[in-house]
Amino acid sequence: MKIEDGIIAVISQALTDLYAVGASEMPEIKLEKTKPIFEGDFTFVVFPVVRSSKKSPEETANDIGNYVLQHTTKVSSFNVIKGFLNLVVNSAEWIQSTTAFDTFVGKNLAAKNQKVMVEYSSPNTNKPLHLGHIRNNLLGYSLAQLLIKAGYDVVMANLINDRGIHICKSMLAWQRFGQGETPQSSGMKGDHLVGKYYVVFENKIREQTSPEIEKALQGQWSSADANIQKRYEDTLNKLQAAKEDKQISKLQDDIKELVRNQAELMQACQAMLRDWEAGNEEVLSLWNTMNSWVYEGFESTYSRLGVKFDQYYYESNTYKLGKDIVQEGLQKGVFFQKEDGSVWIDLSSDGLDEKLVQRGDGTSVYITQDMGTADLKANQFGLNKSIYVVGNEQDYHFKVLFLIMQKMGRSYAEGMYHASYGMVDLPSGKMKSREGTVVDADDLLEEMYQTAKSKTEELGKTEGMDDAELHNLYHRLSLAALKFFILKVDPKKRMLFNPQESIDFQGDTGPFVMYTYTRIRSILRQAESWTRPMEAAPSDMVLSSGEVQVIKLLNEYEVTIENAAREYNPAAICQYALDLAKAYNRLYNEVSILKETNEVIKKFRLELAESTATCIKSTLSILGIEVVERM
RNA sequence: GACCUCGUAGCUCAGCUGGAUAGAGCAACUGCCUUCUAAGCAGUAGGUCACAGGUUCGAAUCCUGUCGGGGUCGCCA
């Protein structure tokens, strides 16, 4: 039993004995960690019980404090400040609790016997990965590791968007302007090569349309297609009447879009998409080829980043799914059909609006296939939970999707969760591919590697390491810095990344936590042999305040993981890792292990050191960070 | 316009199921390597928790409004 649980039980008893608080009216007793500026380990706030005690907060706190002191040996003393009862835990309790650390990694984190899917990454195949994907991948992977550690049975999935107009853009540009260029012939990574042609397409179409757009905005454009012409004229009229800047720029964008869509290149692109859907062999063959280049490129980035997947889904296979569910929904009366044949759901009673679930021509929209894949995933794995790691710009989409699955009576719907995360901003604002302000994932990884290398060389501590070890160090160190930097901030919040300032290796960073580990490992290497399991040290052994701090934190390992897993929040693991590393570094400066002459104390400190190292290694592995033995 | 979300030190972020004197790191300044790895430790300085009301014994935290940033409101994904 946890120390605080024992104390809570005694406080509860105190309320009964002192103030005749009955079981039914017993408040939930919470112990808080005592703030460092006050003396004590746990604090009981008595304000909520003064109504029962009918005494002042100070008197109440003193009453309870005295009772606790008399009824348990877990507490050695207490002090009262206003309504705060600060309890000092008997150091014998701390010493005794350390014997549990031997096996603490996951000891009480029992199997949950629940299947959870974490879908993350989910890239488009027309462009290489960028910083936004990195946040997604790191969050997704870390979330999966966190849930595994918390006892869930996890499937990591990647739903690849390998079809659609955006891939056709790359394909068409390559076909027309690529002159047979391949990753082999150009020496370019496959995803970058395909991305290059996506940019070529955008540039060409801009060339083709910019004079026309000029004309169109001046009202001097016309289309042979009567429908288009009418839409153009309508928009133009609205534009002329528009007053607000926002509205004007929106209408101008509409016109640009209209003109762009009529451009020859865009028409050809749409024709290509139709050919693809019709199964045209030539198009399919090109599509297969270019996608294979992209996958090779992605795999290389994933592998360097250290993320993995158990299950891949491809939208080319899933995009038609969901139509059965549409039929089912119509029969159940969850959906309704409009005159043009389009199918909708009315969510106005849930505070949302009407949402299209299938087009008038019977084809799928985004949410149709998501309904289908939701069923597919759940049936394939028998999922209790299904987590989607997707940016917060899709909050609305997932709200709708989950509501639909609930209304369709899917039992797994309750376990659906959108792990929504904020964007990564640059100092200039949002990343925009059009303006070339995107931070490329591969470039960033390489820069981090070089930074790790130069910082390590500056310190000059790598004597005796061979090239393989050095490479391993730079690689792991660079990832530790990057991953920690990104995972440290609350996933829900947007975060800032400044490419001009390199990510720190000092202070609240991944390298700092890693460093703490290597310092401990160094001590353990130098210590003469000693054995596990831990023995209970003499209960009268005097602990330093630094040791108490470390022991307290080690005691919090499991609850930290449970909480972080429940909140789907790897950032909480980062905070814990920092707290532990800081506490150990303080202790490191406070007392020496190898110079300790009392063998009992020395062994206790070695055991505590090893437990701390194990704990650090474990928390870092949740973040996808691998430790090194020397740095 | 409607809805969602964020606003904490010069900068990047914790703290938010209400609790004490709001915490870290970076940057600045002071000390500490003949002592287990100084990628470290100790210290100084830096705050009207955007603003205004309200609820409460108690509000950075909950409620309302205002201002400011961002997002969403496609038969795109």
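Chain identifiers are assigned alphabetically (A, B, ...) following the order of the sequence lines, protein sequences preceding nucleic acid strands; residue numbering begins at 1 within each chain.
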Is B:rC33 in the syn or the anti form, by the rule that syn lies within 90° of 0?
syn
Categorize A:Glu501 for me: base, sugar-phosphate, or nothing, with a 4.0 angstrom heavy-atom threshold over every strand shown.
nothing
What does A:Thr509 touch in the nucleic acid at a heavy-atom separation under 4.0 angstrom: a base, only the sugar-phosphate, or nothing?
nothing
In whole angstrom, what separates A:Glu277's CD from B:rC76's C1'?
13 Å
Under 4.0 Å, counting only non-hydrogen atoms across every strand here, what does A:Met631 touch: a base, just sugar-phosphate, or nothing?
base
Pull out every residue in residues 418-427 of chain A that has a heavy atom closer than 4.0 Å to any atom of RNA chain B, ordered by number, or say none.
none
Counting any heavy atom closer than 4.0 Å, what does A:Lys82 reach on the DNA or RNA strands: base, sugar-phosphate only, or nothing?
sugar-phosphate
Just to be sure I understand the rule, does A:Phe84 reach a base, reach only the sugar-phosphate, or reach nothing, if contact means heavy atoms closer than 4.0 Å?
base
With sugar-phosphate meaning primed atoms plus P, OP1 and OP2, does A:Leu496 contact a base, only sugar-phosphate, or nothing at under 4.0 Å between heavy atoms?
sugar-phosphate
Please tell me if A:Lys35 has a side-chain N or O lying less than 4.0 Å from either OP1 or OP2 of B:rU21.
no
Verify the contact: side-chain N or O of A:Ser592 to OP1 or OP2 of B:rU35, cut-off strictly under 4.0 Å; return yes or no.
no
I'd like to compare against my own output: the B/S/- annotation of nucleotides 4-10 of chain B with a strict under-4.0 Å heavy-atom distance to protein.
---S---
Look at all strands and tell whether A:Val343 reaches a base, only sugar-phosphate, or nothing, counting heavy atoms closer than 4.0 Å.
nothing
When rounded to whole Å, the CZ to P distance for the pair A:Arg135 and B:rU12 reads 14 Å
For nucleotides B:rG1 and B:rA28, find the distance between their P atoms and express it as a whole number of Å.
45 Å
Base B:rA77 paired with A:Asp370 side chain (donor-acceptor, <3.5 Å):
no
Between A:Tyr314 and A:Trp287, is the ring centroid distance below 6.0 Å?
no
Does the ring of A:Tyr515 meet both stacking tests against the six-membered base ring of B:rG40: centre distance under 5.5 Å and plane angle under 30°?
no
Counting the atoms with a prime plus P, OP1 and OP2 as sugar-phosphate, which does A:Thr363 contact under 4.0 Å by heavy atoms, base, sugar-phosphate, or nothing?
nothing
Would you write the dot-bracket representation of RNA chain B, where each base gets (, ), [, ], | or . depending on whether it forms a Watson-Crick or G-U pair under 3.5 Å and with which partner?
(((((((..((((.....[...)))).(((((.......))))).....(((((..]....))))))))))))....
Whole angstrom is fine here: how far is it from CE in A:Met465 over to C1' in B:rU37?
12 Å
For B:rU17 and A:Lys30 - does any side-chain N or O of the residue sit under 4.0 Å from the phosphate oxygens OP1/OP2?
no
Base, sugar-phosphate, or nothing for A:Gly360, non-hydrogen atoms under 4.0 angstrom?
base
I need the CD-C1' distance between A:Glu32 and B:rA22, as an integer number of Å.
15 Å
Using a 5.5 Å cut-off between ring centres and planes within 30 degrees, is A:Phe47 stacked on the base of B:rG19?
yes
To the nearest angstrom, how far is A:Phe512 atom CZ from B:rA24 atom P?
13 Å
Return the orientation label for the A:Tyr319 and A:Trp276 ring planes: parallel under 30°, perpendicular over 60°, tilted otherwise.
tilted
Residue pair A:Ile561, A:Ile622: steps toward the side-chain contact (heavy atoms from CB on, under 4.5 Å) verdict:
CA-CA 10 Å; A:Ile561 287 179; A:Ile622 292 172; 3.8 Å; yes
Is there a side-chain polar atom (N or O) of A:Arg586 under 4.0 Å from OP1 or OP2 of B:rA42?
yes
If you look at every strand shown and take non-hydrogen atoms under 4.0 Å, does A:Pro48 touch a base, only sugar-phosphate, or nothing?
base
Between CD1 of A:Ile37 and P of B:rG23 the distance, given in whole Å, is 6 Å
Reckon A:Leu352 touches a base, only the sugar-phosphate, or nothing at all at heavy-atom distances under 4.0 Å?
nothing
